[in-house]
Amino acid sequence: MTSIDDLIQALQAEGYEPDRRLAMAVFLALKLQRPLLLEGEPGVGKTELAKALTRVLQRQLIRLQCYDGMELREALYEWNYAAQMLHMRAAQGAAEPDQIEREVYQPRYLIKRPLLQALQTPEPGALLLIDEVDRADEPFEAFLLEYLGEYQVSVPELGTVQALARPVTILTSNRTRDLHDAVKRRCLYHWMDYPDRERELAIVRRQVPQASEALSTQVAQVLARLRGPEWADQFQRHPGIAETVEWSRALVALGRQSIDPEVLAQTAGLLYKQREDIDTLSQAAASVLQPA
Ligand SMILES: Nc1ncnc2c1ncn2[C@@H]1O[C@H](COP(=O)(O)OP(=O)(O)OP(=O)(O)O)[C@@H](O)[C@H]1O
Ligand SMILES: [Mg+2]
């Protein structure tokens with residue numbers, strides 16, 4: 001990848017429309033071999049960026065989906081206890097206890113989880129997506145520091161495991177809580193905003209080619225208005241790009257060439273997932289479509 005423009009084109013060819021600042025952040029993360037932390041509202045294309053980038057770089061995608069209560073053994077590795085037990089039973093009497101113990105801790109009984117898989121992927125290396133890291137707990141964040149800073153982990157049983165090839169590493173967060181400064185300092189950071197009208201139109205064209213040009217244009221217009229200064233305050237949440245794409249597909253499925261207040265009100269549930277927001281849009285459908 002020799003320039004930001006090349007990267008933009010390559011992502012577009014994989015169906016992803018980045019804005020220039022995002023492309024710049026990705027470009028630098030690749031060049032500097034630093035992890036990239038993408039923060040932003042739900043549905044603005046954080047996870048999708050990682051997926052599109054894997055295809056661009058032709059690397060294997062290894063995904064660690066974080067959640068509350070996730071344990072290290074689900075992120076890093078665990079031992080295959082059942083197989084170890086069988087080995088011990090078979091070896092009993094035939095070998096010294098010390099030797100049996102050494103044998104049950106060999107690599108074949110190790111189950112590698114995403115972090116270890118990523119470290120042990122040979123050249124050109126994997127793309128590790130640590131998705132929704134804000135859902136994991138703080139001890140896990142602390143554990144990640146060594147990986148993020150040096151692409152290695154230290155654990156008592158295995159010692160220090162260094163990366164065979166540095167994985168391209170992308171972390172995403174919905175900012176349900178603030179991440180630790182130490183995590184942020186080890187990453188390049190990019191805040192992902194909702195797209196402007198032009199980029200949203202480009203996304204709809206790419207993701208929903210069946211939609212007519214007039215319909216796609218109107219969809220992008222409506223979304224820009226709903227998230228814009230005039231309407232944003234009326235709603236509790238904002239629709240993400242995921243909702244835009246889904247809504248466009250729904251309108252195509254309904255055979256629509258354009259949007260009128262009636263269909264906007266009837267499909268409000270594709271844009272908003274809060275009952276109050278759906279009611280608000282249903283009642284305001286005509287004025288949302290009719291610029292003052
Ligand atoms: N820039 C983009 N170009 C093309 N499609 C996009 C883009 N951004 C988002 N999308 C579409 O929106 C959908 C949702 O995006 P994605 O799941 O990546 O959002 P997210 O930020 O990870 O959301 P969440 O925080 O809820 O996980 C994608 O499946 C894709 O169809
Ligand atoms: Mg996501």
Side-chain angles (χ1 to χ4, degrees), residues 4-27 29 35-57 61-68 70 114 127-136 168-179 187 189-211 215-217 219-220 222-224 226-227 235-253 269-274 277:
I4 296 173
D5 287 316
D6 284 351
L7 179 61
I8 292 177
Q9 278 180 16
L11 285 169
Q12 285 171 336
E14 293 300 337
Y16 192 87
E17 282 290 337
D19 69 12
R20 214 178 160 76
R21 284 181 48 244
L22 171 63
M24 163 86 98
V26 174
F27 183 79
L36 176 62
L37 169 60
L38 299 175
E39 253 186 348
E41 305 292 334
V44 292
K46 302 181 294 294
T47 304
E48 191 69 20
L49 182 268
K51 290 188 189 165
L53 189 61
T54 343
R55 300 193 295 270
V56 166
L57 301 174
L61 175 66
I62 297 177
R63 180 170 179 172
L64 175 62
Q65 178 66 53
C66 301
Y67 56 89
D68 191 17
M70 182 176 72
L127 189 151
L128 176 65
L129 168 61
I130 304 178
D131 214 9
E132 312 197 348
V133 66
D134 52 326
R135 288 175 194 267
V168 170
T169 303
I170 296 188
L171 294 84
T172 79
S173 161
N174 282 350
R175 221 169 52 165
T176 54
R177 66 179 178 83
D178 258 336
L179 297 178
C187 300
Y189 178 86
H190 180 73
W191 172 261
M192 283 180 74
D193 234 325
Y194 294 111
D196 60 17
R197 191 164 77 178
E198 222 173 291
R199 189 160 70 95
E200 195 146 41
L201 175 58
I203 294 170
V204 174
R205 281 188 186 132
R206 217 170 269 286
Q207 300 274 345
V208 197
Q210 317 87 303
L215 182 65
S216 309
T217 307
V219 163
V222 169
L223 266 301
L226 288 174
R227 297 193 205 104
F235 297 98
Q236 298 172 11
R237 304 263 166 83
H238 300 304
I241 301 173
E243 282 74 27
T244 307
V245 170
E246 192 81 346
W247 187 44
S248 308
R249 292 201 178 115
L251 292 168
V252 169
L270 285 123
L271 291 173
Y272 293 99
K273 311 288 161 166
Q274 239 83 3
D277 287 347

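One-based numbering along the sequence shown. Below, all heavy atoms of this structure are taken into account, side chains as well, without hydrogens, waters or symmetry copies. Just follow the structure's listing: the first ligand is 1, and inside any ligand the first atom is 1.
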Can you tell me the protein heavy atom closest to [atom] and the distance?
atom                    : answer
atom 19 (O) of ligand 1 : Gly45 N, 3.1 Å
atom 11 (C) of ligand 1 : Ile241 CG2, 3.8 Å
atom 18 (O) of ligand 1 : Glu48 N, 2.7 Å
atom 25 (O) of ligand 1 : Asn174 OD1, 2.7 Å
atom 14 (C) of ligand 1 : Ala242 CB, 3.4 Å
atom 21 (O) of ligand 1 : Lys46 NZ, 2.7 Å
atom 3 (N) of ligand 1  : Glu17 N, 2.9 Å
atom 7 (C) of ligand 1  : Tyr16 CE1, 3.6 Å

Under 2.8 Å from the Mg ion (ligand 2), how many protein N, O or S atoms can be found?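 Those protein atoms number 1 in total.
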
More than 12 heavy atoms of other residues, nucleotides or ligands under 6.0 Å from [atom1] of [X]: yes or no?
X      : atom1 : answer
Glu198 : CD    : no
Arg177 : CZ    : yes
Met24  : CE    : no
Arg237 : CZ    : no

Any nitrogen or oxygen of Val245, side chain or backbone, less than 3.5 Å from one on ligand 1?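 Not met; the criterion fails.
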
Is there a nitrogen or oxygen of Gly43 sitting under 3.5 Å from a nitrogen or oxygen of ligand 1?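 Gly43 vs ligand 1: N/O contact under 3.5 Å present.
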
Evaluate the criterion salt bridge (charged side-chain N to carboxylate O under 4.0 Å, His left out) for residue pair Arg199 and Glu17; output intermediate values, then yes/no. CA-CA 7 Å; Arg199 189 160 70 95; Glu17 282 290 337; over 6 Å; no

Judged on heavy-atom distance to atom 17 (O) of ligand 1, which of Thr176, Ile203, Thr47, Asp134 sits nearest?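 Nearest option to atom 17 (O) of ligand 1, by heavy atoms: Thr47.
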
List every atom of ligand 1 that sits less than 4.0 Å from any heavy atom of [X], numbering the atoms from 1 in the order shown and giving each element.
X      : answer
Arg199 : 1 (N)
Gln207 : 4 (C), 5 (N), 31 (O)
Gly15  : 3 (N), 4 (C)

Decide whether the shortest distance between a heavy atom of Gly40 and an atom of ligand 1 is less than 4.0 Å.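 The answer is no: ligand 1 sits nowhere under 4.0 Å from a heavy atom of Gly40.
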
Hey, is Arg206 one of the residues with a heavy atom under 4.0 angstrom from ligand 1?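 In this structure, Arg206 fails to qualify as a contact of ligand 1 - no heavy atom is under 4.0 Å.
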
Met192 contact mode with ligand 1 (heavy-atom cut-off under 4.0 Å):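 It is neither part, as no heavy atom is under 4.0 Å.
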
Using heavy atoms and a threshold below 4.0 Å, how should the contact between Glu132 and ligand 1 be classified: side chain, backbone, both, or neither?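 Contact part for Glu132 vs ligand 1: side chain (C-beta onward).
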
Any salt bridge between [X] and [Y], counting N to O under 4.0 Å?
X      : Y      : result
Asp5   : Arg20  : yes
Glu132 : Arg135 : yes
Glu200 : Arg227 : yes
Arg63  : Asp131 : yes

For Glu48, all residues meeting side chain to side chain donor-acceptor pair (under 3.5 Å), sequence neighbours excluded: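 If we apply the side chain to side chain donor-acceptor pair (under 3.5 Å) test to Glu48, skipping adjacent residues, there are no hits.
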
